[in-house]
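Hydrogens, waters and symmetry mates play no part in the numbers below; they use all other heavy atoms, side chains included. Lettering follows sequence order; numbering is per chain, from 1.
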Amino acid sequence: MGKVNTSFFRKVYIVVYQIPYGRVSTYGAIAHFIGTRGAARMVGWAMNASHNIVPQVPAHRVVNRLGLLSGRAHFSSPNLMQQLLENEGIQIKDDKILNFEQVFWDPSKELKP
DNA sequence: AAGCTGACAGCAG
DNA sequence: CCTGCTGCCAGCT
């Protein structure tokens with residue numbers, strides 16, 4: 001994959017880097033925070049392009065607004081996303097984070113611009 | 001070069 | 001409640 005250094009992608013990564021261990025955020029929350037409300041799909045695309053870049057982007061900490069692991073298919077192994085999250089103490093059943101309310105990390109609230 | 005495609009989300013019907 | 005249309009925007013055909 002070619003250029004990953006667009007300003008949009010960088011903004012996404014900067015936020016994702018700040019998601020704390022054991023917490024998750026959502027595509028929509030991130031899009032909203034960086035000022036492109038509604039561009040949640042592009043956040044997903046940014047995650048897709050983030051596999052090569054260094055330092056590693058904790059893309060497994062980004063899920064959809066229902067707490068579903070919608071991106072799991074894009075990891076090197078289908079179970080990797082779930083395993084990484086479970087390693088951080090997050091409980092998952094049927095691709096859904098059980099205690100989603102508790103572990104959800106909203107950049108708009110946690111980060112003051 | 002123009003259109004299609006997404007790891008989404010919100011609202012209408 | 002659930003299905004579906006629309007906005008969003010970079011990359012790929």
Side-chain angles (χ1 to χ4, degrees):
Chain A
M1 294 225 121
K3 67 163 92 161
V4 180
N5 283 352
T6 68
S7 60
F8 180 88
F9 279 42
R10 276 203 305 263
K11 287 179 194 164
V12 172
Y13 299 145
I14 288 169
V15 177
V16 176
Y17 281 134
Q18 296 181 76
I19 303 174
Y21 182 95
R23 307 287 298 279
V24 300
S25 194
T26 68
Y27 304 100
I30 293 167
H32 189 276
F33 177 73
I34 66 181
T36 54
R37 196 190 105 117
R41 309 176 84 183
M42 288 315 301
V43 175
W45 189 251
M47 293 302 94
N48 188 40
S50 75
H51 281 281
N52 315 322
I53 79 171
V54 179
Q56 256 191 357
V57 179
H60 63 282
R61 297 191 187 131
V62 185
V63 298
N64 79 0
R65 73 168 197 122
L66 301 176
L68 292 169
L69 312 195
S70 43
R72 49 170 257 160
H74 295 267
F75 286 78
S76 50
S77 151
N79 299 330
L80 183 57
M81 185 177 189
Q82 175 164 352
Q83 287 179 357
L84 290 171
L85 290 171
E86 286 176 340
N87 286 346
E88 301 187 8
I90 295 175
Q91 300 178 341
I92 298 165
K93 181 174 187 198
D94 294 330
D95 288 343
K96 184 171 163 58
I97 295 176
L98 297 180
N99 49 338
F100 180 59
E101 301 284 307
Q102 298 161 15
V103 297
F104 174 55
W105 182 85
D106 186 356
S108 298
K109 291 179 183 169
E110 311 285 347
L111 298 176
K112 297 299 179 197

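- Sorted by residue number, the list of members of residues 16-24 of chain A with any non-hydrogen atom under 4.0 Å from DNA chain B is empty.
- Taking all atoms of both residues into account, the shortest heavy-atom contact from A:Pro107 to A:Ala29 is CG-O, 3.9 Å.
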Contacts under 3.5 angstrom, residues 77-85 of chain A side chains, donor-acceptor by atom type, not counting sequence neighbours:
{"unit_1": "A:Ser77", "atom_1": "OG", "unit_2": "A:Asn79", "atom_2": "N", "d": "3.3"}
{"unit_1": "A:Gln82", "atom_1": "NE2", "unit_2": "A:Glu86", "atom_2": "OE2", "d": "3.0"}

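- Residue A:His60 is classed as having no contact, given no heavy-atom separation below 4.0 Å to the nucleic acid.
- A:Lys11 NZ to A:Met42 CE: the interatomic distance, rounded to the nearest 0.5 Å, is 12.5 Å.
- Between A:Ile34 and A:Phe8, the shortest heavy-atom contact is CD1-CE1, 3.9 Å.
- Within residues 72-92 of chain A, the residues that place at least one heavy atom under 4.0 Å from DNA chain B are, in residue-number order, A:His74, A:Phe75.
- With a 3.5 Å limit on both pairing distances and Watson-Crick or G-U wobble geometry required, the stems of 3 or more pairs in DNA chain C span B:2-6 with C:9-13, B:8-13 with C:2-7.
- When the C1' atom of C:dC9 is taken as reference, atom CH2 of A:Trp45 falls 11 Å away, rounded to whole Å.
- Inter-residue side-chain proximity for A:Ile97 and A:Asn99 is flagged as met; some heavy-atom pair is nearer than 4.5 Å.
- The interatomic distance linking A:Ile30 (CD1) with C:dA10 (P) rounds to 17 Å, in whole Å.
- Distance, A:Ile34 CD1 to C:dA10 P: 11 Å, rounded to whole Å.
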Distance-only donor-acceptor pairs under 3.5 Å for side chains of residues 57-71 of chain A, two or more places apart:
{"unit_1": "A:His60", "atom_1": "NE2", "unit_2": "A:Glu88", "atom_2": "OE2", "d": "2.9"}
{"unit_1": "A:Arg61", "atom_1": "NE", "unit_2": "A:Glu88", "atom_2": "OE1", "d": "3.0"}
{"unit_1": "A:Arg61", "atom_1": "NE", "unit_2": "A:Glu88", "atom_2": "OE2", "d": "3.2"}
{"unit_1": "A:Arg61", "atom_1": "NH1", "unit_2": "A:Ile19", "atom_2": "O", "d": "3.1"}
{"unit_1": "A:Arg61", "atom_1": "NH2", "unit_2": "A:Glu88", "atom_2": "OE2", "d": "3.0"}
{"unit_1": "A:Asn64", "atom_1": "OD1", "unit_2": "A:Leu66", "atom_2": "N", "d": "3.0"}
{"unit_1": "A:Asn64", "atom_1": "OD1", "unit_2": "A:Gly67", "atom_2": "N", "d": "3.2"}
{"unit_1": "A:Asn64", "atom_1": "OD1", "unit_2": "A:Leu68", "atom_2": "N", "d": "2.9"}

B/S/- along nucleotides 8-13 of chain B (protein heavy atoms under 4.0 Å) is BSS---
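- At least one donor-acceptor pair closer than 3.5 Å links the side chain of A:His51 to the backbone N or O of A:His74.
- Note that the CD1 atom of A:Ile90 and the CG atom of A:Leu98 stand 10.5 Å from one another [nearest 0.5 Å].
- The distance from atom CD1 of A:Ile14 to atom CZ of A:Phe33, rounded to the nearest 0.5 Å, is 9.5 Å.
- The line from CD of A:Gln18 to CD1 of A:Ile30 is 10.5 Å long, rounded to the nearest 0.5 Å.
- As a whole-Å value, the separation of A:Tyr13 OH from C:dA10 P is 13 Å.
- When the C1' atom is compared between C:dC2 and B:dA7, the two are found 23 Å apart, to the nearest whole Å.
- Taking the six-membered ring for Trp and thresholds of 30 and 60 degrees, A:Tyr13 and A:Phe9 have ring planes more than 60 degrees apart, a perpendicular arrangement.
- When rounded to the nearest whole Å, the span between NZ of A:Lys11 and C1' of C:dC8 equals 14 Å.
- Atoms CG (A:Asn48) and C1' (C:dC9) sit 15 Å apart, rounded to a whole Å.
- For the residue pair A:Tyr17 and A:Ile53, the shortest heavy atom distance occurs at OH-CD1, 4.0 Å.
- Annotation: side chain of A:Val12 is not in contact with side chain of A:Trp45 (no heavy-atom distance under 4.5 Å).
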